[in-house]
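Computed over heavy atoms, backbone and side chain alike; hydrogens, waters and symmetry mates excluded.
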Amino acid sequence: YKVPAAGIALAWLVLWLVALPRRDALVRTGWFAAGMLAPWLVAALWFAAHGALGAFVDSVFFYQRHWIAMIDPPWRDVADQFVSTAAVALAPLWVAAAGGIALTWRRDRARTACLVAWIASATIAIVLQRQLAGYHFLLLVPALAVAAALGIAELAARPRWRVALAAIAVLVGLSARDWIRAY
């Protein structure tokens with residue numbers, strides 16, 4: 001996938017720094033960094049062995065920069081498009097995810113911090129691409145889905161919050177209707 005997508009790995013770093021002793025967090029971060037770099041090293045070696053290391057570097061790291069220079073949408077437009085697309089296409093997930101984050105913060109700060117970092121880093125990775133094609137938003141869906149699942153489980157366990165659960169069900173129904181119409 002595109003290089004900005006690797007930014008979601010920051011969520012793991014946040015989780016380890018919040019949940020583990022500093023030494024354990026650093027050890028895991030080191031192993032994680034090695035695991036993140038290994039595929040890049042293998043790919044670079046393969047291209048270099050075939051005399052195409054320059055093409056590899058250009059296509060992976062510089063093509064996106066040139067593409068952005070060509071399309072160059074203003075950041076304000078990118079932000080507006082991100083918010084409008086994410087709000088419409090992912091509304092049920094955002095609402096349930098907000099519930100999951102709010103309701104689990106006191107009980108499980110490490111998990112909640114990881115989810116917030118995952119959502120934030122996925123959002124940043126999407127926005128940095130500046131194109132905002134529909135498939136770019138798929139980076140955000142797993143993080144929102146996990147947070148939404150926590151939210152739905154928390155709301156289902158609290159009888160006085162069942163109205164919020166019903167509101168989420170309505171949003172899911174409206175979203176399903178829109179998907180059916182679109183596809």
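Listed by first and then second residue, the ring-ring contact (aromatic ring centres under 6.0 Å, His included) pairs that reach into residues 158-183 are Trp179-Tyr183, sequence neighbours excluded. Screening residues 83-128 for ring-ring contact (aromatic ring centres under 6.0 Å, His included) gives no qualifying pairs among residues at least two apart or on separate chains. For residues 123-135, the pairs satisfying salt bridge (charged side-chain N to carboxylate O under 4.0 Å, His left out) are Asp72-Arg130, with sequence neighbours left out.
Side-chain atoms of Thr104 come within 3.5 Å of backbone N or O of Gly100 as a donor-acceptor pair. Judged by distance alone, the side chain of His50 and the main-chain N or O of Phe47 form no donor-acceptor pair under 3.5 Å.
Interatomic distance, OG of Ser175 versus CD1 of Ile168, reported as 13.0 Å (0.5 Å rounding). Note that the CG atom of Leu140 and the CD1 atom of Ile126 stand 4.5 Å from one another [nearest 0.5 Å]. One finds the CG atom of Leu90 at 12.0 Å from the CG atom of Leu171 (value rounded to the nearest 0.5 Å). Atoms CG and CG, from Leu15 and Leu10 in turn, are 12.5 Å apart once rounded to the nearest 0.5 Å. A distance of 5.5 Å separates CG in Leu150 from CZ in Arg111, rounded to the nearest 0.5 Å. Note that CG of Leu155 is 11.0 Å distant from CZ of Arg160, once rounded to the nearest 0.5 Å.
Annotation for Ala9 and Met36: closest pair CB-CE, 3.9 Å, computed over non-hydrogen atoms. The heavy-atom pair separating Ser121 from Gly7 by the smallest distance is CB-O, 3.3 Å. Nearest heavy-atom pair, Leu115 versus Ala143, reported as atom, atom and distance to 0.1 Å: CD2-O, 4.1 Å. Nearest approach of Leu53 to Ala44, heavy atoms of both residues: CD1-O, 3.6 Å.
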Q: List the steps, then state whether side-chain contact (heavy atoms from CB on, under 4.5 Å) holds for Cys114 with Val14.
A: CA-CA 6 Å; Cys114 180; Val14 169; 5.5 Å; no
Q | Criterion side-chain contact (heavy atoms from CB on, under 4.5 Å) on Arg22 and Leu17, from CA distance to verdict | A | CA-CA 7 Å; Arg22 188 75 59 212; Leu17 290 174; 3.2 Å; yes
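Under the rule for a ring pair (Phe, Tyr, Trp, His ring centres under 6.0 Å), the partners of Trp16 that lie at least two apart in sequence or sit in another chain are Trp12, Phe32. Residues satisfying the side-chain hydrogen bond (donor to acceptor under 3.5 Å, both in side chains) test with Arg109, not counting sequence neighbours, are none.
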Can I get a per-line list of side-chain donor-acceptor pairs under 3.5 Å for residues 78-89, giving both atom names and the distance, sequence neighbours left out?
from, atom 1, to, atom 2, distance (Å)
Ser84, OG, Asp80, O, 3.1
Ser84, OG, Gln81, O, 3.2
Thr85, OG1, Gln81, O, 2.9

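One hydrophobic cluster, built from ILVMFWY side chains closer than 4.5 Å, cannot hold both Ile152 and Leu144; they sit in different ones.
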